[in-house]
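Before any comments, here is the structure.
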Protein chains: 2
Amino acid sequence: MTIQYAILGLLSRGPLSGYDLKKLISDSSVFYWSGNNNQIYRTLVQLDQDGWVQYTVELQASLPAKKVYSITERGLAELKSWLGSSPELPELRSDFLIRAAWLDLLDPTERMALLDRYAEDVRLQLLMEKEKNRRASLKVGDHPLNARLAGMVAENLISFYENELAWLQKLRAVLMENE
Amino acid sequence: MTIQYAILGLLSRGPLSGYDLKKLISDSSVFYWSGNNNQIYRTLVQLDQDGWVQYTVELQASLPAKKVYSITERGLAELKSWLGSSPELPELRSDFLIRAAWLDLLDPTERMALLDRYAEDVRLQLLMEKEKNRRASLKVGDHPLNARLAGMVAENLISFYENELAWLQKLRAVLMENE
DNA sequence: CCTTTCATGTAACCTGTTACATGATTGG
DNA sequence: CCAATCATGTAACAGGTTACATGAAAGG
């Protein structure tokens, strides 16, 4: 997976500036990149060279000029062809899971404290995802397929964190037995 | 999270060679790195310089000599101190989730085929994780905390894939409504 | 007054990947 | 005979991160 297709996807919904893309990517957990300038502006230059996007410069009074990018027909074709290709398996990068394997090295109070701190962070993240989803779903009145899909994407993340919390409950039980 | 602590953790269970570490890391889904030589051998050199590990060279008849690394007291202290520090939130890198957002661009049969192909891959991965876990749990007779923790780590991965499959069922239903 | 928002871009760096290099032994 | 296992290591590159640079306007 490369960030190019994420950008093409976002542009398939409508024209956006690099600045807009940066915000969308860094605010979303689905687009797992940091959303840093370097990567986004460089990718846009590259996409433009490939003929997958084009841009117009919009001059604004008192605000800096912006480049508004839109997807080209070739870009849309490329996006669709990528969509149809084989998806990779999801990758889980869990710092806590690696720690969990050596938790027996800590004393009982310390490891329980660690678990609680982590569970709290996950709970908070879950709340944030739910809130983001609530706000986003308010915007759409009727529910065309793409809005329902956006909802399903959010639901995936939400269930991911809920699943993690359920697992933490089990882990807690295991640790309690060994206190 | 850096690979150093994963290596320290593995060495905390007993001495291992770079080759052993490479295999353990590439075979496990928890250690999400590729387990390539470059990273592992370099990290070991660095850990040795830091005084967190030490090694002895074991000469073998007809097989190449190997460096057997073990964790030092300072290394163990470092590992424990890392364990006690704040864990990062888990990071989910889902290629399919990004595709899912633009699935309305494909025609109904194509998007259903994509979903099925992906679901099949996830199902297979789930089976592999279960099998790995079954084999690993056979090895241990009694169940000290570290074995139970290893079981819980495996369970986390398994529930992750099961959760994904459940979500795919829901997505399937949504797509059926729009066929 | 200081921070945030808008808006673009570059330099330096770090991490991690693939591929290359060597070479004997064992198993199908 | 070919592939895999054992065992170490390096070179080249791709991908992604942090931090720097500029500069006006609006808001607390």
Side-chain angles (χ1 to χ4, degrees), chain A residues 1-7 10-11 15-50 53-70 88-89 91-93 95 98, chain B residues 1-7 10-11 15-50 53-70 88-89 91-93 95 98:
Chain A
M1 165 77 228
T2 35
I3 200 171
Q4 307 156 52
Y5 295 105
I7 290 179
L10 287 166
L11 290 179
L16 293 167
S17 67
Y19 189 78
D20 295 330
L21 285 163
K22 176 201 161 88
K23 269 197 302 179
L24 286 168
I25 290 173
S26 38
D27 290 352
S28 159
S29 320
V30 183
F31 307 111
Y32 46 80
W33 302 272
S34 73
N36 67 90
N37 293 348
N38 201 322
Q39 201 174 12
I40 288 166
Y41 287 112
R42 276 169 168 286
T43 305
L44 283 171
V45 167
Q46 188 214 301
L47 288 175
D48 179 45
Q49 279 167 0
D50 294 340
V53 303
Q54 56 191 171
Y55 67 89
T56 49
V57 178
E58 270 183 30
L59 297 167
Q60 306 174 104
S62 83
L63 275 179
K66 67 173 164 184
K67 293 183 179 171
V68 179
Y69 288 86
S70 50
E88 289 158 40
L89 281 170
E91 227 190 291
L92 176 61
R93 303 190 168 205
D95 180 25
I98 296 178
Chain B
M1 167 74 226
T2 37
I3 200 172
Q4 306 155 52
Y5 295 105
I7 290 179
L10 287 166
L11 290 180
L16 293 166
S17 69
Y19 189 78
D20 295 330
L21 285 163
K22 176 201 161 88
K23 269 197 303 178
L24 286 168
I25 290 173
S26 38
D27 291 353
S28 159
S29 319
V30 182
F31 306 110
Y32 46 80
W33 302 272
S34 73
N36 67 90
N37 294 347
N38 201 323
Q39 202 175 11
I40 288 166
Y41 288 111
R42 276 170 167 287
T43 305
L44 283 171
V45 168
Q46 188 214 302
L47 288 175
D48 179 46
Q49 279 166 2
D50 294 341
V53 301
Q54 55 192 172
Y55 67 89
T56 49
V57 178
E58 269 183 30
L59 296 167
Q60 305 174 106
S62 84
L63 275 179
K66 67 174 165 183
K67 294 184 179 171
V68 179
Y69 288 85
S70 50
E88 288 158 39
L89 281 171
E91 227 190 291
L92 176 62
R93 302 189 169 206
D95 180 25
I98 296 178

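Everything numeric here is computed off the predicted structure, so don't read it as measured data. Throughout, a chain's letter reflects where its sequence line sits, starting with A, and its residues are numbered from 1.
In this structure, CG of Leu21(B) is placed 12 Å from P of dA7(D), rounded to the nearest angstrom. The CD1-P distance, from Ile40(B) to dC6(D), rounds to 14 Å in whole Å. Here dA12(C) presents its P atom at 12 Å from CZ of Arg42(A), a figure rounded to the nearest Å. One interatomic measurement links the two molecules: CG of Leu44(B) to P of dT10(D), which rounds to 12 Å at whole-angstrom precision. For the pair Asp95(A) CG and dT15(C) P, the computed distance is 15 Å after rounding to whole Å. In this structure, Arg93(A) atom CZ and dT17(C) atom C1' are separated by 11 Å, rounded to whole Å. Computed from coordinates, the Glu91(B) CD to dT15(C) P distance equals 15 Å when rounded to whole Å. Nucleotide dG16(D) holds its P atom 14 Å from the CZ atom of Phe31(A), rounded to whole Å.
Between the CG atom of Asn37(B) and the NZ atom of Lys22(B) there is a distance of 3.5 Å, given to the nearest 0.5 Å. Note: Leu21(B) CG to Ile7(B) CD1 = 5.5 Å, rounded to the nearest 0.5 Å.
Under the side-chain hydrogen bond (donor to acceptor under 3.5 Å, both in side chains) criterion, Asn36(A) pairs with Ser34(A), not counting sequence neighbours. Under the ring-ring contact (aromatic ring centres under 6.0 Å, His included) criterion, Tyr19(B) pairs with no residue at all, not counting sequence neighbours. Shown here are the side-chain hydrogen bond (donor to acceptor under 3.5 Å, both in side chains) partners of Gln54(B), two or more places apart in sequence or in another chain: there are none.
At dT17(D), one or more side-chain N or O atoms of Ser34(A) fall inside 4.0 Å of OP1 or OP2 (strictly under the cut-off). Within the structure, a side-chain polar atom (N or O) of Asn36(A) is placed less than 4.0 Å from OP1 or OP2 of dT17(D). Side-chain nitrogen and oxygen atoms of Gln39(B) include at least one within less than 4.0 Å of the OP1 or OP2 phosphate oxygen of dT17(C).
For the helix from dC1(C)-dG28(D) to dG28(C)-dC1(D), the terminal axes (five pairs an end, C1' atoms, rotation from four pairs onto the next four) enclose an angle of 50°, given to 10 degrees.
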Which letters describe nucleotides 4-9 of chain C, given B = protein heavy atom under 4.0 Å from base, S = only from sugar-phosphate, - = neither? -SBBBB
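For Tyr55(A), the OH atom is loosely surrounded, since the number of other residues' heavy atoms within 6.0 Å does not exceed 12.
In this structure, Phe31(B) and Leu10(B) have side chains that are in contact, with non-hydrogen atoms separated by less than 4.5 Å. Taking 4.5 Å as the limit, every side-chain heavy atom of Tyr32(B) sits out of range of all side-chain heavy atoms of Leu92(A). At a threshold of 4.5 Å between non-hydrogen side-chain atoms, the residues Asp48(A) and Leu44(A) do not count as touching.
Under the 3.5 Å distance criterion, the side-chain polar atoms of Thr43(A) are matched with a main-chain donor or acceptor of Gln39(A). Side-chain N or O atoms of Asp20(B) include one that pairs as donor or acceptor with a backbone N or O of Ser17(B) at under 3.5 Å.
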Identify each atom pair where a protein N or O and an N or O of nucleotides 26-28 of chain D are less than 3.5 Å apart, giving names and distance.
none

